[in-house]
Asks: 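Right, I'll just put the structure down here and ask away after.
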Amino acid sequence: MATGTARAAGTAGAERAAGTGAGLGSGRTRGARGGRLRRTLLAAVIAAAVIVPVSAAASAQAPAPAPAVFAEGAPPQSRYAANRDNIAEAVRMARDADRSGRAGWLRAMAAGGTAQFLAFDGRGRGRAVEVFGELETADRIAVLVPGSDTTLDTYERFRSGAVALQERLRADHAHTAVVAWLGYDTPGTVSTTVLTAGRADEAAAELGPFLHGLEGMAVPGVRISLLCHSYGSVVCARTVTGAAVGDVVLFGSPGTGAGSARELATSARVWAGRGGADWIAGVPHVRLGGLGFGTDPVDPAFGARAFAAGSGGHSDYLKPGTRSLDALAGIVLGSAPVREAGRA
């Protein structure tokens, strides 16, 4: 971003040196230069606001087998078994390549042979779709969509949130399941990619069909909730959902790229919340030249239903015992109080 700012400043300086005439034409040129510079500087501010609070190293490429391929309609249990075998092979390949860190994370993911993965790809940064609970008997399913820097090497923190949510749901309703959907290449927090919707558009093209297939794996009449954290809220905002998706929940969101909840590609109820200590509140909610995501979803003008997100930080929404976890569980179970848009 600093390079872009310097380039803009240099261009402005060259134009001043060359001269552009006087009168009305000169004023227009100065106005255009000023507008370009303001836009460039504002983009730099957005980048700084998003990048400074959090940093994570990109995952190096790691060897792994190609993902298992399933016939359409393959039952969950057969998928679980094939993906456990795939993870075991990925562990072996990582160990042979002296990638002990990746091998260790993968062994933890295998969960002693009981893990339930609908999909797994151990190559590169990796992808994984894991189920907690009994999918085939669930009439309430929460699908968690993560934000930036969620990879196989950081998967444990994502999984911890899914486990906490499933335990909270099961305390009130037996027939529930949580799906941790790391089904896309998340952008790095320290990158310009996290400021654009490119990765979100690619992810939405995967998430929409997945939700349709998920409906067929559960009991008739299942109700699905999309729970979308941080950059994951940009993904969900671009995902076309079917009738089974009753709620789309945006939390810790930098914005969605949409001006209002009515613009999202869903007929579901749209919720938004932000913890009191979430640093993302400081992100400028603007959109210029494809950078940034515009209106803040917790702004009453966006039109989302507010939920009580508590006082936690950006990574605290799914921590056990928090007000935010209780509220998210209430939305999934259909017991959350409906408040006015923008009022938590």
Asks: Just by distance, do the side chain of Asp139 and the backbone of Val222 share a donor-acceptor pair under 3.5 Å?
Replies: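 Between the backbone of Val222 and the side chain of Asp139 there is no qualifying donor-acceptor contact (under 3.5 Å).
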Asks: Report yes if the side chains of Val145 and Leu227 come closer than 4.5 Å at any heavy-atom pair, otherwise no.
Replies: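 When only atoms from C-beta onward are counted, Leu227 and Val145 do not touch, as no gap falls below 4.5 Å.
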Asks: If we check salt bridge (Lys or Arg N to Asp or Glu O under 4.0 Å) with Asp185, which of these qualifies: Arg199, Arg127, Arg123?
Replies: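 The salt bridge (Lys or Arg N to Asp or Glu O under 4.0 Å) with Asp185 is passed solely by Arg127 among Arg199, Arg127, Arg123.
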Asks: With a 3.5 Å cut-off and no angle check, do the side chains of Thr322 and Ser324 form a donor-acceptor pair?
Replies: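 Yes, Ser324 and Thr322 have a side-chain donor paired with an acceptor closer than 3.5 Å.
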Asks: Are any side-chain N or O atoms of Asn86 and backbone N or O atoms of Phe120, one a donor and one an acceptor, separated by less than 3.5 Å?
Replies: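 No; judged by distance alone, with no hydrogens or angles, the pair does not exist.
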Asks: May I ask you to say whether Arg102 pairs ionically with Asp153, meaning some side-chain N is under 4.0 Å from a carboxylate O?
Replies: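 Counted as a salt bridge, because a side-chain N and a carboxylate O are separated by less than 4.0 Å.
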Asks: Salt bridge between Asp247 and Arg223, side-chain N to carboxylate O under 4.0 Å?
Replies: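 A salt bridge is present here (some side-chain N lies under 4.0 Å from a carboxylate O).
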Asks: Would you confirm whether Ser335, through its side chain, and Ile331, through its main-chain N or O, come within 3.5 Å as a donor-acceptor pair?
Replies: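 A pair under 3.5 Å: no.
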Asks: With a 4.0 Å cut-off on N to O distance, would you call Asp316 and Lys319 a salt bridge?
Replies: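 Here Asp316 pairs with Lys319 in a salt bridge, since their nearest N and O are under 4.0 Å apart.
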Asks: Please check if the side chain of Arg125 supplies one atom and the backbone of Thr186 the other of a donor-acceptor pair under 3.5 Å.
Replies: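 It does hold such a pair.
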Asks: Val245 pairs by side chain to side chain contact (heavy atoms under 4.5 Å, CB included) with which of Thr239, Ile141, Ile224, Val143?
Replies: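 Output: one option passes, namely Ile224.
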Asks: Distance-only, no hydrogens or angles: does the Glu263 side chain make a donor-acceptor pair with backbone N or O of Gly259 under 3.5 Å?
Replies: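 At least one qualifying donor-acceptor pair exists.
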Asks: When you measure from the side chain of Arg168 to the backbone N and O of Pro320, does any donor-acceptor pair fall under 3.5 Å?
Replies: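 Side chain of Arg168 to backbone of Pro320, a donor-acceptor pair under 3.5 Å: no, none is there.
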Asks: Sequence neighbours excluded, which residues qualify as salt bridge (Lys or Arg N to Asp or Glu O under 4.0 Å) partners of Arg238?
Replies: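 Only Asp201 meet the salt bridge (Lys or Arg N to Asp or Glu O under 4.0 Å) criterion with Arg238.
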Asks: Looking at Ser253 and Leu250, would you say the former's side chain and the latter's main chain have a donor-acceptor pair under 3.5 Å?
Replies: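 Checked: no pair found.
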Asks: Going through the distances and angles, do Glu130 and Tyr155 end up as a side-chain contact (heavy atoms from CB on, under 4.5 Å)?
Replies: CA-CA 11 Å; Glu130 188 173 8; Tyr155 184 77; 2.6 Å; yes
Asks: Does any N or O in the side chain of His229 come within less than 3.5 Å of the main-chain N or O of His314, such that one atom is a donor and the other an acceptor?
Replies: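 A pair under 3.5 Å: yes.
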Asks: Just by distance, do the side chain of His285 and the backbone of Pro254 share a donor-acceptor pair under 3.5 Å?
Replies: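 Yes, because the side chain of His285 sits within donor-acceptor range (under 3.5 Å) of the backbone of Pro254.
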Asks: Once you measure the plane-to-plane angle for His175 and His173, does it fall in the parallel (<30°), tilted (30-60°) or perpendicular (>60°) bin?
Replies: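 Rings of His175 and His173: perpendicular, as their planes differ by over 60°.
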Asks: Could you tell me whether the side chain of Ser160 and the main chain of Glu156 form a donor-acceptor pair under 3.5 Å?
Replies: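 Side chain of Ser160 to backbone of Glu156: a pair is present.
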Asks: Is the Tyr231 ring parallel, tilted or perpendicular to the Tyr184 ring (thresholds 30°, 60°)?
Replies: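 Judged by the thresholds at 30° and 60°, the geometry between Tyr231 and Tyr184 is parallel.
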Asks: Among all residues two or more places apart in sequence or in another chain, which pass the salt bridge (Lys or Arg N to Asp or Glu O under 4.0 Å) test with Arg79?
Replies: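 Partners of Arg79 by the salt bridge (Lys or Arg N to Asp or Glu O under 4.0 Å) criterion come out as none, since no residue qualifies.
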Asks: Is there side-chain contact between Leu182 and Val129, with heavy atoms separated by less than 4.5 Å?
Replies: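 The answer is no; the side chains never approach within 4.5 Å.
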Asks: By the disulfide bond (SG atoms under 2.5 Å apart) test, which pairs, at least two apart or in different chains, include something from residues 222-259?
Replies: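 Sorted result for residues 222-259: Cys228-Cys236.
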